[in-house]
There are 2 protein chains.
Amino acid sequence: MAATPTEPAGSAPRTASDAVVAHLETLILDGTYQAGDSLPSETELAAELQVSRLTVREGVRSLAARGLVEVSHGRRPVVAAPNATLLRDFFSSSVRRDAAGLLELLDVRLAIEVHAAELAARHATQAQLDSLEAALQAMADAPDDDAFTAADMRFHHGITEASGNRMIRLLVEGMAEPLEVGRRQSLRGYLQGAPDLDGLIAEHRAVFDRIAARDASGAARAMRKHLGTTRRDLLRAFSR
Amino acid sequence: MAATPTEPAGSAPRTASDAVVAHLETLILDGTYQAGDSLPSETELAAELQVSRLTVREGVRSLAARGLVEVSHGRRPVVAAPNATLLRDFFSSSVRRDAAGLLELLDVRLAIEVHAAELAARHATQAQLDSLEAALQAMADAPDDDAFTAADMRFHHGITEASGNRMIRLLVEGMAEPLEVGRRQSLRGYLQGAPDLDGLIAEHRAVFDRIAARDASGAARAMRKHLGTTRRDLLRAFSR
DNA sequence: GAGCCTCAACTCATCAGAGGAGTTGCCGCA
DNA sequence: TGCGGCAACTCCTCTGATGAGTTGAGGCTC
């Protein structure tokens, strides 16, 4: 009674719902179902795989938790495009479970973004450079702290975009929220005098200049310096 | 009818099983349940949260898919320690969905491991250095290719361990399998002459020497050189 | 008294059937 | 032609029940 016709050679699923997961996962990763495609309905899958709807539901639910599909009430499950929600979940969980994880995560971001800046200097298109400069300008013109932070994030996001490496983009995107939350929490009630916005902007501009000049190692150096500053600020806030 | 007494301020869960997920997630991340602890049984949770066992099951299943808990037949769900399975899943999926992802992933590993080598030069304990040297020796003594690869992986794993940054360790651990699978597939049927094992070992030894000498930037440079070689080999295999 | 075996209680795994709620597209009406 | 309503489809949740794996207590044997 082989429930799943497409049994993967690797390992036999222990439970029926694992079989559902394995089945659908294979079809998605094979490209049989592309991002945006609708999966068969629960009823259809149940009939096809010879299991109850409940079992199908659990399997689909697992895939949804892993970010491979999206389910919404009244509609069929839809295959999701690769996205950062899973990574965001993971990083958020790690940081919340252990406060020291925040600094570790910051360190990882440093490593990745320094490399991203290097790649951006090599691969950025003119449109991407324009977008970076616009973010820089928005930082300078920011009326309040929230606007500044938003422009700041847009700048960093733009660099990962310009790196041309989607995995880097997803990773940094996944880290952004936990880091931002951590930053807010550690700075709460801190705010002794305004932060050195002009200095921050200058650091960003230095990164941009090196990227625009196609100077890979210079861009890496500038980014390293900038993130070092960020890290020091956070450490100082922590030690209070 | 507030089903969940511990409704997080953030956003109200849309569905009942999301509420279960949110409830348990909060308790785990708060530390109310530590890694290794057993969760209440499905029946107990159902009574506690005023939902059916089915709904509880779906919620627990989601958490299992996200790596926060582990469920096995006949036993209560157990809170899992932070681990790399989720990341491995993510990276594997990404690479399988898009072959170009392999090179992107390799690039990310380069960025992270170069940084790890730098950190290891600063933080490695004597025991960790000994372990690295043992792996190096095992590479030199390896009787066959599999043993060599195993020792190779042990060496790299040891460096992330010595970096003292657990997030780096988890990330590299999560990338190891997809990269190894990708390497095997692209090298399949390739094998024109034996690879330059002596050169590889020399590169590893250079990394080790710089770490042992507490030379952070030298270690980073040596690691970058080594991973550059790896990358070039893979690219060459690809282009056939 | 020590060690092994059996079994009962607990737990997760899965099934079947049914009602509620959200979405979508067709059809008829103005 | 344009719009409103209804019907079909889908996911969401519940109830009740059976099968299968795990564990620890109790009794039996030596």
Side-chain angles (χ1 to χ4, degrees), chain A residues 1-5 7 11-25 27-28 33 36-80 85, chain B residues 1-5 7 11-25 27-28 33 36-80 85:
Chain A
M1 54 162 73
T4 53
E7 195 86 12
S11 58
R14 288 236 155 269
T15 71
S17 44
D18 283 344
V20 174
V21 170
H23 177 76
L24 292 177
E25 192 178 8
L27 292 181
I28 292 175
Y33 291 114
D37 289 357
S38 288
L39 257 47
S41 72
E42 291 177 359
T43 315
E44 290 168 2
L45 283 172
E48 187 182 335
L49 301 179
Q50 307 263 44
V51 296
S52 78
R53 287 199 296 289
L54 164 64
T55 308
V56 171
R57 272 188 65 73
E58 291 192 355
V60 172
R61 182 110 200 149
S62 285
L63 292 173
R66 283 172 39 194
L68 282 178
V69 304
E70 283 166 0
V71 294
S72 46
H73 195 157
R75 287 186 230 171
R76 296 179 162 208
V78 174
V79 177
T85 59
Chain B
M1 54 163 75
T4 53
E7 193 87 14
S11 58
R14 290 237 154 268
T15 71
S17 44
D18 283 344
V20 174
V21 171
H23 177 77
L24 292 177
E25 191 178 8
L27 292 181
I28 292 174
Y33 292 114
D37 291 355
S38 288
L39 256 48
S41 73
E42 291 178 357
T43 315
E44 289 168 3
L45 283 172
E48 188 181 335
L49 300 178
Q50 307 263 43
V51 296
S52 76
R53 288 167 225 95
L54 165 64
T55 308
V56 171
R57 271 187 68 73
E58 291 193 357
V60 172
R61 183 107 200 152
S62 285
L63 292 172
R66 283 173 39 195
L68 282 178
V69 303
E70 283 166 0
V71 293
S72 46
H73 197 156
R75 287 186 227 170
R76 296 180 166 210
V78 174
V79 178
T85 59

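Below, chains carry the letters A, B, ... as their sequence lines are ordered, and counting in each starts from 1.
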**Complete:** Here the distance between atom P of D:dC12 and atom CZ of B:Arg61, to the nearest Å, is 16 Å

**Request:** Run the salt-bridge test on A:Arg76 and A:Glu70 with the 4.0 Å N-O cut-off and return the result as yes or no.
**Result:** no

**Message:** Regarding B:Ser41, tell me which of base, sugar-phosphate or nothing describes its non-hydrogen contacts under 4.0 Å with the strands shown.
**Reply:** sugar-phosphate

**Request:** Using whole Å, report how far CD of B:Glu42 lies from P of C:dA13.
**Result:** 6 Å

**d(CD, B:Gln50; P, D:dT15) in whole Å** = 11 Å

**Item:** Atom-to-atom span, CD of B:Glu58 to P of C:dC12 - whole angstrom
**Value:** 15 Å

**Request:** Record whether the side chain of A:His73 comes under 3.5 Å of the base of C:dA21 through a donor-acceptor pair of N or O atoms.
**Result:** yes

**Whole angstrom value for the distance that separates P of D:dG16 from CG of A:Leu54** = 17 Å

**Item:** Distance, rounded to the nearest Å, where A:Arg76 contributes CZ and D:dC12 contributes P
**Value:** 14 Å

**Residue closer to the 5' end of DNA chain C, A:Val56 versus B:Pro77 (nearest nucleotide)** = B:Pro77

**Prompt:** Can a salt bridge be assigned to the pair A:Glu25 and A:Arg66 using a cut-off of 4.0 Å between side-chain N and carboxylate O?
**Reply:** yes

**Item:** Donor-acceptor pair between A:Ser17 and B:Arg61 side chains, under 3.5 angstrom
**Value:** yes

**Request:** Report the distance from atom CZ of B:Arg57 to atom P of C:dT14, rounded to the nearest whole Å.
**Result:** 7 Å

**Complete:** A:Leu45 atom CG is separated from D:dT10 atom P, nearest whole Å, by 11 Å

**Prompt:** Nearest nucleotide by nearest heavy atom, which residue falls closer to the 5' end of DNA chain C, A:Arg75 or A:Ser17?
**Reply:** A:Ser17

**Asked** Does D:dC14 have OP1 or OP2 sitting under 4.0 Å from an N or O in the side chain of B:Arg53?
**Response** no

**Sidechain N-carboxylate O distance under 4.0 Å for A:Arg53, A:Glu58** = no

